[in-house]
Amino acid sequence: MTSHSLAADPTVHRIGRREFDFTRRVAVMAVINRTPDSFFDRGATFALDRAVAACTRAAAAGADWVDVGGVPFGRGPDVSVSEEIDRIAPVVDAVAAASDVVISVDTNRAAVARAAIDAGAAVINDTSGLGDPDMAGVVAGSDAHVVITHSVGPPRTEKPAAHFDDVVSEVRGFLLARIDRATAAGVPRERIIIDPGHDLDKNTLHSLEVTRRLDEIADIGLPLLAAVSNKDFIGESLDREKQDRLAGSLAAMVMCVERGARILRMHDVEASVDAARMVEAVMGWRDPVRLEHNMHPTHNV
């Protein structure tokens, strides 16, 4: 499985078995949680067959990418490395055999990343931003891409109230430092994706400012992922519970695309794909599927 930018066209990235020109394309990443205590779906896809089916449904609905997670980021009971692998690897293996959809695995553990890559994952989505000292080496020794995400301290732990003097500047500095860590370990720059980590160790005002100034993160020059779907900053901004945040999620998604995001991690695949394709059409990056309105000669004004 090759995962490098194509030499013939440096704007085209081959990730897994798919190609993306992020100058003209927005990729929708579906969230698939194989956890009993996930933030949004509360264990709806914890069973193996349900997780695999959710991945294939997402691909059929137009998702370019599925992101499989075995442990939520937020605080909660410990999950052993072996248990996380047992949750992740069978899903990756089954989906890789059934579809060419890009498969990423949401993990911050190098041992889990290695098992996921062996099972067929094309991307490691590391919400700790290479917090595991062995993670960069695991990615460097494979053909996988890595998502480097900003967060503060280890996942699954209670943390003090979020504080930043300038959240965007600090997020940007963190990402640049972790990019350097990755490349020093041998990860090619063209296999790195960045994520500012909406809501991860940030309060609502921080996440809103990250969204508003996302172009300053995009300016780093690497593919930018935004994970905004149903996040608490949307719920608190609109006073909406998790199940009622779709409109806010789509609005935040579009704002992120306007400011440089090209990969969107979303729960509602069909609505998100429609929104992404509409943005592409408005931007002139893709043609409409059909042209009928006011196209007949008798309709000329």
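Please read these numbers as outputs of a predicted model, since none were measured by experiment.
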>> Can you confirm whether Cys55 sits close enough to Val68 that some side-chain heavy atom of one is under 4.5 Å from a side-chain heavy atom of the other?
In response: yes
> Between Arg24 and Gly284, is there a donor-acceptor pair closer than 3.5 Å when you use the side chain of the first and the backbone of the second?
Replying inline: yes
> With hydrophobic residues grouped by side-chain heavy-atom distances under 4.5 Å, do Val228 and Val254 end up in a single group?
Replying inline: yes
>> Checking Val52 now: which residues fulfil side chain to side chain contact (heavy atoms under 4.5 Å, CB included) with it, not counting sequence neighbours?
In response: Leu48, Val91, Ala94, Val95
>> Using side chain to side chain contact (heavy atoms under 4.5 Å, CB included), reason through Asp106 and Phe73 one step at a time and then give a plain yes or no.
In response: CA-CA 9 Å; Asp106 180 352; Phe73 179 86; over 6 Å; no
>> Looking at Arg262 and Thr23, would you say the former's side chain and the latter's main chain have a donor-acceptor pair under 3.5 Å?
In response: no
>> With a 4.5 Å cut-off on side-chain heavy atoms, are Ser237 and Thr204 touching?
In response: yes
> Which pair of non-hydrogen atoms, one from Ala116 and one from Ile124, has the smallest distance, and what is that distance?
Replying inline: CB-CD1, 4.3 Å
>> Asp132: which residues meet the salt bridge (charged side-chain N to carboxylate O under 4.0 Å, His left out) condition with it, sequence neighbours left out?
In response: none
>> Apply side chain to side chain donor-acceptor pair (under 3.5 Å) to residues Asn125 and Asp67 and explain how you reach the verdict.
In response: CA-CA 8 Å; Asn125 183 13; Asp67 189 47; 3.1 Å; yes
> Can you find a heavy atom in the side chain of Lys231 that is under 4.5 Å from one in the side chain of Ser249?
Replying inline: no
> Does a side-chain N-to-carboxylate-O contact under 4.0 Å join Asp180 and Arg189?
Replying inline: no
> Going through the distances and angles, do Ser207 and Asp199 end up as a side chain to side chain donor-acceptor pair (under 3.5 Å)?
Replying inline: CA-CA 6 Å; Ser207 291; Asp199 270 15; 2.9 Å; yes
> Looking only at heavy atoms, what is the nearest atom pair of Ser151 and Ser128, with distance?
Replying inline: OG-CA, 3.6 Å
> Should Glu84 and Arg109 count as an ion pair when the cut-off is N to O under 4.0 Å?
Replying inline: yes
> When rounded to the nearest 0.5 angstrom, what is the spacing between CZ in Arg245 and CG in Asp268?
Replying inline: 14.5 Å
> Does the Arg17 side chain pair with the main chain of Val101, one donor and one acceptor, at a distance under 3.5 Å?
Replying inline: no
> Can you name the nearest heavy-atom pair linking Val269 to Ala58, along with the distance?
Replying inline: CG1-O, 3.7 Å
>> Between Leu208 and His206, is there a side-chain heavy-atom distance shorter than 4.5 Å?
In response: no
> Honestly curious: do Val257 and Met283 fall in one hydrophobic cluster under the side-chain, below-4.5 Å linking rule?
Replying inline: yes
>> Under 4.5 Å between side-chain heavy atoms, counting indirect links through other Ile/Leu/Val/Met/Phe/Trp/Tyr residues: same cluster for Val92 and Val112 or not?
In response: no
>> When you group the ILVMFWY residues by side-chain heavy-atom contacts below 4.5 Å and let the links chain together, are Leu238 and Leu250 in the same group?
In response: yes
>> Contact between Arg290 and Asp287 at the side-chain level, heavy atoms closer than 4.5 Å - yes or no?
In response: no
> Does the side chain of Phe20 reach to within under 4.5 Å of the side chain of Val102, using non-hydrogen atoms?
Replying inline: yes
>> Check this for me: does any side-chain nitrogen of one of Arg172 and Asp219 sit under 4.0 Å from a carboxylate oxygen of the other?
In response: yes
> Between the side chain of Arg87 and the main-chain N/O of Thr35, is any donor-acceptor distance below 3.5 Å?
Replying inline: no
>> Within the 3.5 Å criterion, strictly below it, is a donor on Asp143 or His145 matched to an acceptor on the partner's side chain?
In response: no
> Stepwise, does the side chain to side chain contact (heavy atoms under 4.5 Å, CB included) test hold for Ile15 with Trp65?
Replying inline: CA-CA 10 Å; Ile15 305 175; Trp65 203 306; 3.9 Å; yes
>> With rounding to the nearest 0.5 angstrom, report the CZ to OG1 distance, Arg191 to Thr183.
In response: 12.0 Å
>> Tell me whether Thr107 contacts the main-chain N or O of Ala113 through its side chain, where contact means a donor paired with an acceptor under 3.5 Å.
In response: no
> Distance-only, no hydrogens or angles: does the Arg178 side chain make a donor-acceptor pair with backbone N or O of Gly129 under 3.5 Å?
Replying inline: yes
> Any donor and acceptor pair, going by atom type alone, linking the side chain of Asp195 with main-chain N or O of Thr149 inside 3.5 Å?
Replying inline: no
>> A side-chain contact here means heavy atoms from C-beta on lying under 4.5 Å apart; do Phe233 and Leu205 qualify?
In response: no
>> Applying side chain to side chain contact (heavy atoms under 4.5 Å, CB included), can you list everything that pairs with Met278, at least two apart in sequence or on another chain?
In response: Val282
>> Looking at every heavy atom in both Met253 and Met266, which two are closest together, and how far apart are they?
In response: SD-CE, 3.8 Å
>> Would Val152 and Phe164 count as a side chain to side chain contact (heavy atoms under 4.5 Å, CB included) here? Give the steps.
In response: CA-CA 11 Å; Val152 180; Phe164 299 91; 4.2 Å; yes
> Is a side-chain donor or acceptor of Lys242 paired with a backbone partner of Asn230 at a separation under 3.5 angstrom?
Replying inline: no
>> For a quick test of reading the model, state the closest non-hydrogen atom pair linking Ala115 to Ile85 and the distance between them.
In response: CB-CG2, 3.8 Å
>> Which residues pass the salt bridge (charged side-chain N to carboxylate O under 4.0 Å, His left out) test with Asp21, not counting sequence neighbours?
In response: none
>> Using the side-chain contact (heavy atoms from CB on, under 4.5 Å) definition, which of the options Ile263, Leu222, Val146 pairs with Ile194?
In response: Leu222
Donor-acceptor pairs under 3.5 Å, side chain of residues 134-142 to any protein atom, not counting sequence neighbours: which ones?
unit_1	atom_1	unit_2	atom_2	d
Ser142	OG	Val139	O	2.9
Ser142	OG	Ala144	N	3.0

>> Would a single hydrophobic cluster contain both Val168 and Leu224, if residues Ile, Leu, Val, Met, Phe, Trp and Tyr are joined by side-chain heavy-atom contacts under 4.5 Å?
In response: yes
>> Run Asn294 and His296 through side chain to side chain donor-acceptor pair (under 3.5 Å) and show every step you take.
In response: CA-CA 6 Å; Asn294 280 346; His296 193 278; over 6 Å; no
> Does any N or O in the side chain of Arg277 come within less than 3.5 Å of the main-chain N or O of Val26, such that one atom is a donor and the other an acceptor?
Replying inline: yes
>> If I take atom CG from residue Leu264 and atom CG from residue Leu225, how far apart are they, to the nearest 0.5 angstrom?
In response: 7.5 Å
>> Between Val123 and Val105, is the side chain to side chain contact (heavy atoms under 4.5 Å, CB included) condition met? List the steps.
In response: CA-CA 6 Å; Val123 184; Val105 165; over 6 Å; no
> Considering residues at least two apart in sequence or located in another chain, which fulfil the side chain to side chain contact (heavy atoms under 4.5 Å, CB included) criterion with Ala182?
Replying inline: Leu130, Ile148, Val187, Ile192
> What distance do Ile103 atom CD1 and Ile117 atom CD1 have between them, rounded to the nearest 0.5 Å?
Replying inline: 12.5 Å
> Is the shortest distance from a Lys or Arg side-chain nitrogen in Lys202 or Asp232 to a carboxylate oxygen in the other one below 4.0 Å?
Replying inline: no
>> Closer than 3.5 angstrom, by distance alone: can the side chain of Arg265 be matched with the main-chain N or O of Met29 as a donor-acceptor pair?
In response: no
> At their closest point, which heavy atom of Ala63 faces which heavy atom of Ala30, and how far apart are they?
Replying inline: CB-CB, 4.1 Å
